[in-house]
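Have a look at the structure below before the remarks.
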Number of protein chains: 2
Amino acid sequence: MYERKLPIQEECGLDLIREVVFGKWKIHLLYYISQGISRPGQLQKNIPEASRRVLNIQLNQLEDDELVAKTVYNQQPPKVEYYLTDLGKSIMPIINELGQWGDTHSEHLRRVIKKRLILPEA
Amino acid sequence: MYERKLPIQEECGLDLIREVVFGKWKIHLLYYISQGISRPGQLQKNIPEASRRVLNIQLNQLEDDELVAKTVYNQQPPKVEYYLTDLGKSIMPIINELGQWGDTHSEHLRRVIKKRLILPEA
DNA sequence: CGGTATCCCTCGGGATACTG
DNA sequence: CAGTATCCCGAGGGATACCG
């Protein structure tokens, strides 16, 4: 009965997840795209705290990771529509659960997070 | 029929989640603690890629956010045991799902992630 | 409207060494 | 064994301006 040195199976799943969805705005982007908000301008409006540049970077990464894809319409003015791939769709249930969890405990979470922002000046 | 400017409910859940679980090792820590690996030294062994310092920082944040708590035994040598709070327990199902999703798609994910690391030298 | 380039700066996180 | 202090670095991300 050897102990496993590295519980590869479980551990790596979490590592991979982190690589793919731990950008500051990635879960938001996935969420909004899943809601049919497909155009970059719309996404930007829904996440005003993020700059256009960062949003594009993270969209590109999501594209590289094949969680989203886009349709480019060759016209003036340009028009682009993002959509979830099958892989992207497969992760949405979990992201929705995360969002719900955050909502459910929002009061508590807001409290502890604020503490983090204020205490430092002690 | 007004459009909602800010879909506060859903959006904020995701923001809060990010604040609480998006440290580099937080989901790993939660996972291992949930598996009964409660002592700092053991956690360290299971996450050798992380330094002791960072692990402690993230454990402290998880503590601040009240996802985990610890028991300190006043003895020599010292002994500390972390455990999940009710709030922490409540998020484990989702984290497990994340891990499973990562495992399920590990082949695909490893492929696209590697691409990210190699292409840049073009 | 969509995308990228440049610049800059914060801060998360790694290494090491020290205290209880 | 557990925790913290110091030092340092790179990446991630914000602002702005410019091409298609």
Side-chain angles (χ1 to χ4, degrees), chain A residues 14-15 17-29 32-33 37-65 68-83 113 116-122, chain B residues 14-15 17-29 32-33 37-65 68-83 113 116-122:
Chain A
L14 292 179
D15 282 325
I17 275 285
R18 189 190 52 206
E19 293 301 315
V20 166
V21 298
F22 271 34
K24 189 164 184 181
W25 305 108
K26 284 188 183 176
I27 53 176
H28 292 77
L29 287 171
Y32 285 123
I33 292 174
I37 301 176
S38 54
R39 304 189 55 184
Q42 295 295 329
L43 290 167
Q44 165 86 43
K45 263 185 210 159
N46 278 277
I47 316 179
E49 317 93 302
S51 68
R52 307 203 22 162
R53 176 180 159 277
V54 173
L55 244 37
N56 275 328
I57 290 176
Q58 308 217 338
L59 280 169
N60 288 336
Q61 289 176 355
L62 290 173
E63 224 185 317
D64 291 342
D65 296 339
V68 307
K70 67 178 169 183
T71 306
V72 180
Y73 298 88
N74 278 310
Q75 60 181 53
Q76 279 305 336
K79 177 177 169 183
V80 171
E81 286 186 340
Y82 284 90
Y83 56 91
I113 288 170
R116 278 220 297 265
L117 301 177
I118 298 172
L119 273 180
E121 45 104 353
Chain B
L14 292 180
D15 282 325
I17 276 285
R18 189 190 51 206
E19 293 300 316
V20 166
V21 297
F22 270 35
K24 188 164 184 183
W25 305 107
K26 285 189 183 176
I27 53 178
H28 293 76
L29 287 170
Y32 285 123
I33 293 174
I37 300 175
S38 54
R39 303 189 56 184
Q42 294 295 330
L43 291 167
Q44 166 85 41
K45 263 185 208 159
N46 279 276
I47 317 179
E49 318 92 302
S51 67
R52 307 206 21 151
R53 176 180 158 275
V54 173
L55 244 37
N56 274 330
I57 290 177
Q58 307 215 340
L59 281 169
N60 287 337
Q61 289 175 354
L62 290 173
E63 223 186 315
D64 290 342
D65 296 340
V68 307
K70 67 179 168 182
T71 306
V72 180
Y73 297 89
N74 278 310
Q75 59 180 56
Q76 277 308 334
K79 177 178 171 183
V80 172
E81 286 187 341
Y82 285 90
Y83 56 92
I113 288 172
R116 277 218 300 263
L117 300 177
I118 298 172
L119 272 179
E121 45 105 353

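First the proteins, then the strands, lettered A, B, ... as listed; each starts at 1.
Remark: A:Tyr83 pairs with no residue by the ring-ring contact (aromatic ring centres under 6.0 Å, His included) rule, at least two apart or across chains. The side-chain contact (heavy atoms from CB on, under 4.5 Å) test applied to A:Gln76 returns A:Pro78, not counting sequence neighbours. The side-chain contact (heavy atoms from CB on, under 4.5 Å) test applied to B:Gln42 returns B:Ile37, B:Arg39, B:Lys45, not counting sequence neighbours.
The rotation axes computed at either terminus of the helix from C:dC1-D:dG20 to C:dG20-D:dC1 lie 40° apart, taking five pairs at each end and rounding to 10 degrees.
At whole-Å resolution of the value, CZ in B:Arg18 and P in D:dG12 are 15 Å apart. Note: CD1 (B:Ile47) to P (C:dG13) measures 12 Å, nearest angstrom.
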TODO: Mark up nucleotides 14-20 of chain C, 5' to 3', with B wherever a protein heavy atom is under 4.0 angstrom from a base atom, S wherever such an atom reaches only the sugar-phosphate, and - elsewhere.
DONE: BB----B

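In terms of phosphate contacts, A:Tyr73 brings no side-chain nitrogen or oxygen within less than 4.0 Å of OP1 or OP2 of D:dG20. The side chain of B:Lys70 contributes an N or O atom lying less than 4.0 Å from OP1 or OP2 of D:dG3.
Checking D:dG3, C:dC1, C:dG3 against every side-chain atom of A:Arg39, the shortest atom distance belongs to C:dC1.
The side-chain hydrogen bond (donor to acceptor under 3.5 Å, both in side chains) contacts involving residues 50-62 of chain B comprise B:Lys26-B:Gln61, where partners must be two or more places apart or lie in separate chains.
Taking the side chain as every heavy atom from C-beta outward, B:Ile27 and B:Tyr32 never approach each other to under 4.5 Å.
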